[in-house]
Amino acid sequence: MRPAPTILHLDMDAFYASAEQAAKPSLRGKAVVVGGLGPRGVVATASYEARRLGVHSAMPTAQARRLAPNAAYLVPRFSLYRTVSDQVMELLGRLSPLVEPLSLDEAFVDLEAGGTADDSASARATGEGLRTAIHAVTGLSGSVGLAGSKMLAKIASEEAKPDGLLLIEPGTERELLAPMSVRILPGVGPATGDHLRRAGMTTVHDLAEAGEAELVRLVGKAHGHGLYRMALGLDDRPVVAERDAKSVSVEDTFDVDLHDRVRVRAEVERLAVRCVERLRAADRSGRTVVLKVRRYDFSTLTRSETLRGPTDDPTVVREAAGRLLEAVDTTGGVRLLGVGVTGLADYTQEDLFAQAADARELAQRAQEHSSPPVAGGEESVPEPDPDSAELLAARRWPAGHDVHHEEHGHGWVQGSGVGRVTVRFEEPWSAPGRVLTFRVDDPLLRPADPLPLVRDAADYSSWPASLPKSRSGADSSGGGESSP
C-alpha cells in the first residue's frame with residue numbers, strides 16, 4: 001500500500017454506447033444498446049438510459065428488446081472505438097510510462113512513476129485534468145478512481161460513475177470498504193458471494209471480522225488468504241506497462257444450430273483463418289491449437305493439439321482444428337464454435353516460403369469470409385443462410401454503421417430489410433438529421449469510415465505540463481469525496 005493515492009484507474013462511461021450517442025445527435029439522451037442483433041446476440045454495452053430500463057452488458061439481446069423495445073439497437077463499430085481508445089491511451093501515456101490497459105476503455109496509471117503526483121492534492125488535480133482532457137479530445141466522459149492500490153483505485157472509479165472522480169485517502173480504506181458488499185472485491189463472483197452469504201458474510205466488514213483462518217476454511221488456502229488481505233484493504237500489485245496475452249481466439253454463435261457436418265467443418269476452417277489473422281496482427285505465433293464446441297444442449301467441449309513448434313501458418317492451424325473436430329460428436333446440432341491458439345511466442349518454426357504463399361491465401365479467405373464481431377469482439381452472429389439476399393444486405397448495411405451518399409452526404413444505417421436500407425443523415429456536430437430509404441443496391445450509396453467525434457478538438461499537445469502539483473505533503477481535505 002502506498003502512503004499517497006498515486007494509482008489512478010480510468011473507466012470510460014458506457015464506452016461503446018456513449019461513442020454512438022456522441023456520433024449520432026438523434027440518439028443523445030435516448031436508450032442505446034450495442035451488441036449482437038441476432039436471436040442469440042448478446043449486449044456489449046448499454047447506455048445509462050437503457051440501464052435504467054434494466055438492460056445490462058452480457059444480457060441476451062432478445063431479453064433487452066423486451067425490456068427496452070424502443071431503444072436503438074446497433075452493431076458495434078470497433079474501428080471507431082479503437083480510434084477513440086488510442087486517443088485516451090495517448091493522454092494516459094503523457095502522465096506516466098507505466099500505463100496498464102485492461103481493455104479499450106479501462107486502464108491503470110502509476111502517477112508516481114510519471115512524476116505527475118506525489119500527494120492527494122496533486123493526484124486530484126491530475127485526475128480532474130485528465131477528465132477535462134478526455135472530454136475535450138474525444139467528447140466522451142470517463143470516471144476516475146485514485147488510491148494507494150490498484151484494487152481500491154478500481155473500486156473508487158466504479159463508485160464515482162458516471163462522470164465523476166473519487167479519491168480514497170490512505171488510512172481510510174477499511175472504513176470505506178466495511179459496509180460494501182463482498183461482491184465489490186476482485187474474484188468474488190456470484191458463486192463465491194453466495195457461498196459467503198450462506199456462511200453469514202455479506203459485507204467486507206464481515207470478512208475482516210471472520211479472520212483469515214475462517215476464510216481459508218471456507219474457500220481454500222490461496223483464495224482465503226487473498227480475500228482476507230483485500231478485506232483489510234491490502235493490495236501490493238504494481239502497475240504493469242505491458243500485459244502479455246496468453247492466447248488468441250475467435251468464436252461464433254449461430255442463430256440456428258448447425259447439423260450439417262460439412263457446414264460445421266467449413267465454419268471451423270473459417271474461424272481458423274480469422275484466428276491466424278488476429279495472431280499475425282499481434283506479431284505472434286502459437287504452439288497449441290484449441291477447438292471449442294458448444295452443442296445443442298449447451299454442453300461445451302474443448303479439444304487441443306500441441307504442434308512441434310510455434311506457428312502462424314493458416315494451413316497448419318486450419319488442419320489441426322479440422323483434426324480436432326473429427327474427435328467431437330456433433331450429433332444433435334452445434335450452437336457455438338471457437339478456434340484459438342495458445343502457447344504464444346514471437347517467432348515461428350515453419351517454412352518461410354510456405355508462409356508467404358499462405359499469407360496471400362489468408363488475406364483472400366479473410367476478405368471472403370469477413371463478418372462484424374459483437375460483444376467486445378469475442379463473438380459474431382452469422383445468419384442461418386449465408387447466401388440469402390437479406391443476409392448479404394445486413395452484412396453490407398449493419399445497423400449503426402456509417403454510409404455516404406453522393407447527394408445527401410454522411411449518415412448511418414438505421415436498418416435494412418426487404419431490399420431496402422434506411423439511413424439517417426447527420427454528423428457528430430450537426431443537428432439531428434432527416435431519414436431516407438434507398439434500395440440496398442443504390443449505386444450512390446456506399447459504406448464509409450466513421451467521422452471523428454469532435455471536429456475541432458482543443459489543443460492538448462502541451463498537456464499535462466500545466467497541471468498544478470503539490471509537494472508540501474499529503475492533503476487532508478476531501479478524503480473519499482466524489483467530484484461529479
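- Side chain of Ser57 to backbone of Ala44: a donor-acceptor contact under 3.5 angstrom is found.
- Residues Arg439 and Asp442 are not paired through a salt bridge, judged by the lack of any N-O separation under 4.0 Å between the basic side chain and the carboxylate.
- Defined by atom type and a distance below 3.5 Å, a donor-acceptor pair is missing between the side-chain atoms of Asp313 and Thr311.
- For the pair Thr300 and Val293, the minimum side-chain heavy-atom distance is 4.5 Å or more.
- Cys275 and Val248 make their closest contact through SG-O, 3.5 Å (heavy atoms, listed as atom of the first residue, atom of the second, distance).
- Of all heavy-atom pairs between Val454 and Ala136, the closest is CG1-O, 3.9 Å.
- Between the OG atom of Ser18 and the CG atom of Leu27 there is a distance of 12.0 Å, given to the nearest 0.5 Å.
- Salt bridge status for Arg295 with Asp257: absent, with no side-chain N to carboxylate O gap under 4.0 Å.
- Side-chain atoms of His195 come within 3.5 Å of backbone atoms of Leu218 as a donor-acceptor pair (strictly under, hydrogens ignored).
- You'll find the side chain of Leu271 reaches within 4.5 Å of the side chain of Val250, heavy atoms only.
- Side chains of Thr330 and Arg261: a donor on one and an acceptor on the other come within 3.5 Å.
- No donor-acceptor contact under 3.5 angstrom links the side chains of Ser96 and Asp110, judged on distance only.
- For the side-chain contact (heavy atoms from CB on, under 4.5 Å) criterion with Leu337, the lone passing option out of Asp252, Val328, Thr253, Val264 is Val264.
- Within the model, atoms NZ of Lys30 and CD of Glu49 stand 11.0 Å from one another, a figure rounded to the nearest 0.5 Å.
- Pro452 is not listed as a side-chain neighbour of Pro428, based on a closest heavy-atom distance of 4.5 Å or more.
- Donor-acceptor pairing under 3.5 Å is recorded for the side chains of Arg424 and Ser26.
- For the pairing with Val109, the side-chain contact (heavy atoms from CB on, under 4.5 Å) check across Leu95, Leu91, Thr126 returns one residue only, Leu95.
- No donor-acceptor pair closer than 3.5 Å links the side chain of Arg294 to the backbone N or O of Ser299.
- In the model, Glu20 has a side-chain atom that pairs as donor or acceptor with a side-chain atom of Tyr81 under 3.5 Å.
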Notebook entry, point to check: Are Met151 and Leu185 close enough, and set up right, to give a side-chain contact (heavy atoms from CB on, under 4.5 Å), and what steps lead you there?
Noted result: CA-CA 8 Å; Met151 179 188 77; Leu185 299 178; 4.2 Å; yes
Margin query: Please evaluate residues Leu344 and Leu279 with respect to the criterion side-chain contact (heavy atoms from CB on, under 4.5 Å), reporting the C-alpha separation (whole Å), side-chain torsions for both, the decisive distance (0.1 Å), and the verdict.
Written below: CA-CA 9 Å; Leu344 301 187; Leu279 195 67; 3.8 Å; yes
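- The heavy-atom pair separating Ala321 from Val289 by the smallest distance is N-CG1, 4.1 Å.
- Under the 4.0 Å criterion applied to side-chain N and carboxylate O atoms, Asp235 and Arg229 are not assigned as salt-bridge partners.
- Atom CG of Leu301 sits about 12.0 Å away from atom CG of Leu324, to the nearest 0.5 Å.
- For the residue pair His135/Ser141, the side-chain donor-acceptor check at 3.5 Å is not satisfied.
- At distances below 3.5 Å, not a single donor-acceptor pair connects side-chain atoms of Thr45 with backbone N or O atoms of Ala17.
- Ion pairing between a basic and an acidic side chain is recognised when a charged N comes within 4.0 Å of a carboxylate O; Lys161 and Asp13 show such pairing.
- Taking CZ of Arg274 as the start and CD of Glu269 as the end, the distance is 14.5 Å to the nearest 0.5 Å.
- Counting heavy atoms from C-beta on, the side chains of Leu67 and Val55 come closer than 4.5 Å.
- Residues Glu112 and Leu98 are not in side-chain contact: their nearest non-hydrogen atoms beyond the backbone lie 4.5 Å or more apart.
- Heavy atoms from other residues, nucleotides or ligands lying under 6.0 Å from CG of Asp260 number more than 12.
- The heavy-atom pair separating Ser304 from Val290 by the smallest distance is CB-CG2, 4.0 Å.
- With hydrogens and angles disregarded, a donor-acceptor distance shorter than 3.5 Å links the side chain of Arg287 to the backbone of Arg308.
- Atom OH in Tyr48 sits 9.0 Å away from atom CG in Asp163 (nearest 0.5 Å).
- Under a 4.0 Å N-O distance rule, the pair Lys154/Asp11 does not qualify as a salt bridge.
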Checklist line | Trace of the side-chain contact (heavy atoms from CB on, under 4.5 Å) decision for Val33 with Thr61 | finding: CA-CA 9 Å; Val33 179; Thr61 302; 5.5 Å; no
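- Taking the side chain as every heavy atom from C-beta outward, Phe108 and Leu10 never approach each other to under 4.5 Å.
- Side-chain contact between Arg131 and Ile134 is absent, with no heavy-atom pair separated by less than 4.5 Å.
- Minimum interatomic distance between Leu104 and Ser85 (heavy atoms only, all atoms of both residues): O-OG, 2.6 Å.
- If you take CG on Leu258 and OH on Tyr296, they are separated by 15.0 Å, rounding to the nearest 0.5 Å.
- Without hydrogens or angle criteria, Arg278 side chain to Ser249 main chain gives a donor-acceptor distance under 3.5 Å.
- For Lys24 and Glu426, the salt-bridge test fails: no basic side-chain N is under 4.0 Å from an acidic carboxylate O.
- Under a 4.0 Å N-O distance rule, the pair Arg265/Glu326 qualifies as a salt bridge.
- Counting only heavy atoms from C-beta outward, the side chains of Val435 and Gln414 approach each other to under 4.5 Å.
- Put simply, the side chain of His9 never gets that close to the backbone of Leu152: no donor and acceptor are under 3.5 Å apart.
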Next item on the list: Could you walk me through whether Val421 and Leu445 pass side-chain contact (heavy atoms from CB on, under 4.5 Å), step by step?
Entry: CA-CA 10 Å; Val421 55; Leu445 187 68; 3.6 Å; yes
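- With salt bridges taken as basic N to acidic carboxylate O contacts below 4.0 Å, one links Lys150 and Glu100.
- Of all non-hydrogen atoms in Arg77 and Gly400, the two that sit nearest each other are CD-O, 3.5 Å.
- Ring orientation note: the planes of His408 and Phe425 are tilted relative to one another, at an angle of 30° to 60°.
- Taking the centre and axis of the six-membered ring of Phe438, the NZ or CZ atom of Arg420 falls outside the cone set by 45° and 6.0 Å.
- Judged by distance alone, the side chain of Tyr73 and the main-chain N or O of Ala64 form a donor-acceptor pair under 3.5 Å.
- Judged purely by distance below 3.5 Å, without hydrogens or angles, the side chains of Thr306 and Thr288 pair a donor atom with an acceptor atom.
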